[in-house]
Amino acid sequence: YLILKDERRVRLRAVEIDKLGESIKEVMRLNGLIIDENPVLPEYEEDALDFLTEGETVTHRGKAWHTISSNGVWKPGYLYITNKRLCWWYNFEKRLAFEVPTEKILGSAIEVRNLSPVLKRKKVFDVIYEASAERKVASFSGEEMYEWERALARIISFRERIEACPQCGERANVLELLEKGCTNCGWVSPRLKKKLAQVALSAK
């Protein structure tokens with residue numbers, strides 16, 4: 001296992017795993033990096049990633065608390081941003097307890113609130129999103145809430161950008177151009193070409 005700075009644990013497999021481990025340690029030592037020889041293993045979240053769909057990849061992840069019922073009780077879990085959605089994995093029940101497509105996210109805000117009589121003055125990350133023609137709010141709390149706010153702000157900004165088609169110059173939404181191509185001239189982005197090639201291979 002590799003223990004990363006954000007306390008995630010990554011599992012590697014190799015025929016000569018001991019040699020791989022020693023090689024990684026040696027490279028770190030040569031670069032002047034100190035390695036913890038007796039780390040405390042964080043909770044491994046491999047099962048949580050079972051929720052990913054075909055072609056979906058995680059871009060941001062971290063521990064976060066979330067209220068999953070009307071009684072206002074906060075529960076521990078993992079918050080994820082993928083290339084398709086924002087979602088929260090509930091540790092205790094080992095299930096995805098919240099998800100919203102990123103295109104439905106309207107904005108976010110951070111404020112300090114009391115989560116309970118014991119948990120006071122905690123940073124709360126509110127995500128405003130659209131569901132069934134209504135605006136709703138999902139709240140999360142954790143250590144890296146400002147990073148999450150910046151990540152969603154970048155997604156929203158990118159989604160709203162307008163650019164010219166490289167082939168015909170027709171102006172369109174950046175994500176529309178990248179994911180669907182140009183409706184005016186039929187130009188296809190390298191990203192879309194790759195995706196279509198993968199679909200064609202998997203169909204054979």
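Everything quoted here is computed from the prediction, not taken from an experiment.
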Exercise. Applying side chain to side chain donor-acceptor pair (under 3.5 Å), which residue pairs with at least one partner in residues 96-108 are found, sequence neighbours left out?
Worked result: R85-E99
Problem set entry | C165 side chain near N184 side chain, heavy-atom distance below 4.5 Å | no
Exercise. So how far is it from T59 OG1 to I81 CD1, rounded to the nearest 0.5 Å?
Worked result: 5.5 Å
Exercise. Excluding sequence neighbours, so at least two apart, what forms salt bridge (charged side-chain N to carboxylate O under 4.0 Å, His left out) with E16?
Worked result: K19
Exercise. Where do G181 and L192 come nearest, in terms of heavy atoms and distance?
Worked result: N-CD2, 3.9 Å
For this session: Count the heavy atoms of every other residue, nucleotide or ligand shown that sit under 6.0 Å from CD of E144, and state whether that count exceeds 12.
Result: no
Exercise. Can you tell me if E56 uses its side chain to pair, donor with acceptor, with the backbone of T53 under 3.5 Å?
Worked result: yes
For this session: State, to 0.1 Å, how close Y90 and P76 come at their nearest heavy-atom pair, and which atoms those are.
Result: CD1-O, 3.6 Å
For this session: Answer yes or no: is there a side-chain heavy-atom contact under 4.5 Å between K122 and V112?
Result: no
For this session: Determine whether W89 and Y80 make a side-chain contact, defined as any pair of heavy atoms from C-beta on separated by less than 4.5 Å.
Result: yes
Seminar exercise, completed: So CD1 of I110 and CD of E149: to nearest 0.5 Å the spacing works out to 4.0 Å
Problem set entry | Polar side-chain atom of T67 near backbone of V73 as donor-acceptor pair, under 3.5 Å | no
Exercise. Is any side-chain heavy atom of W88 less than 4.5 Å from a side-chain heavy atom of L96?
Worked result: no
Exercise. In Å, rounded to the nearest 0.5 Å, how long is the span from NE2 of H66 to CH2 of W74?
Worked result: 8.0 Å
Exercise. Is there a donor in the side chain of S23 and an acceptor in the side chain of E26, or the other way round, less than 3.5 Å apart?
Worked result: no
Exercise. Any side-chain heavy atom of L52 within less than 4.5 Å of one from V58?
Worked result: yes
Exercise. What is the distance from atom CD of E170 to atom SG of C182, rounded to the nearest 0.5 Å?
Worked result: 6.0 Å
Donor-acceptor pairs under 3.5 Å, side chain of residues 123-139 to any protein atom, not counting sequence neighbours: which ones?
| residue | atom | partner | partner atom | Å |
| --- | --- | --- | --- | --- |
| D126 | OD1 | R113 | NH2 | 3.3 |
| D126 | OD1 | S139 | OG | 2.5 |
| D126 | OD2 | R113 | NH1 | 3.0 |
| S139 | OG | R113 | NH2 | 3.4 |

Exercise. Looking at side-chain heavy atoms only, is the closest gap between L79 and F98 below 4.5 Å?
Worked result: no
Exercise. What about L2 and I17, same hydrophobic cluster or not, with Ile/Leu/Val/Met/Phe/Trp/Tyr joined at side-chain heavy-atom distances under 4.5 Å?
Worked result: yes
For this session: Check whether any side-chain heavy atom of Y78 sits under 4.5 Å from a side-chain heavy atom of K63, and report yes or no.
Result: yes
Problem set entry | pair I105-L86: side-chain heavy atoms closer than 4.5 Å | yes
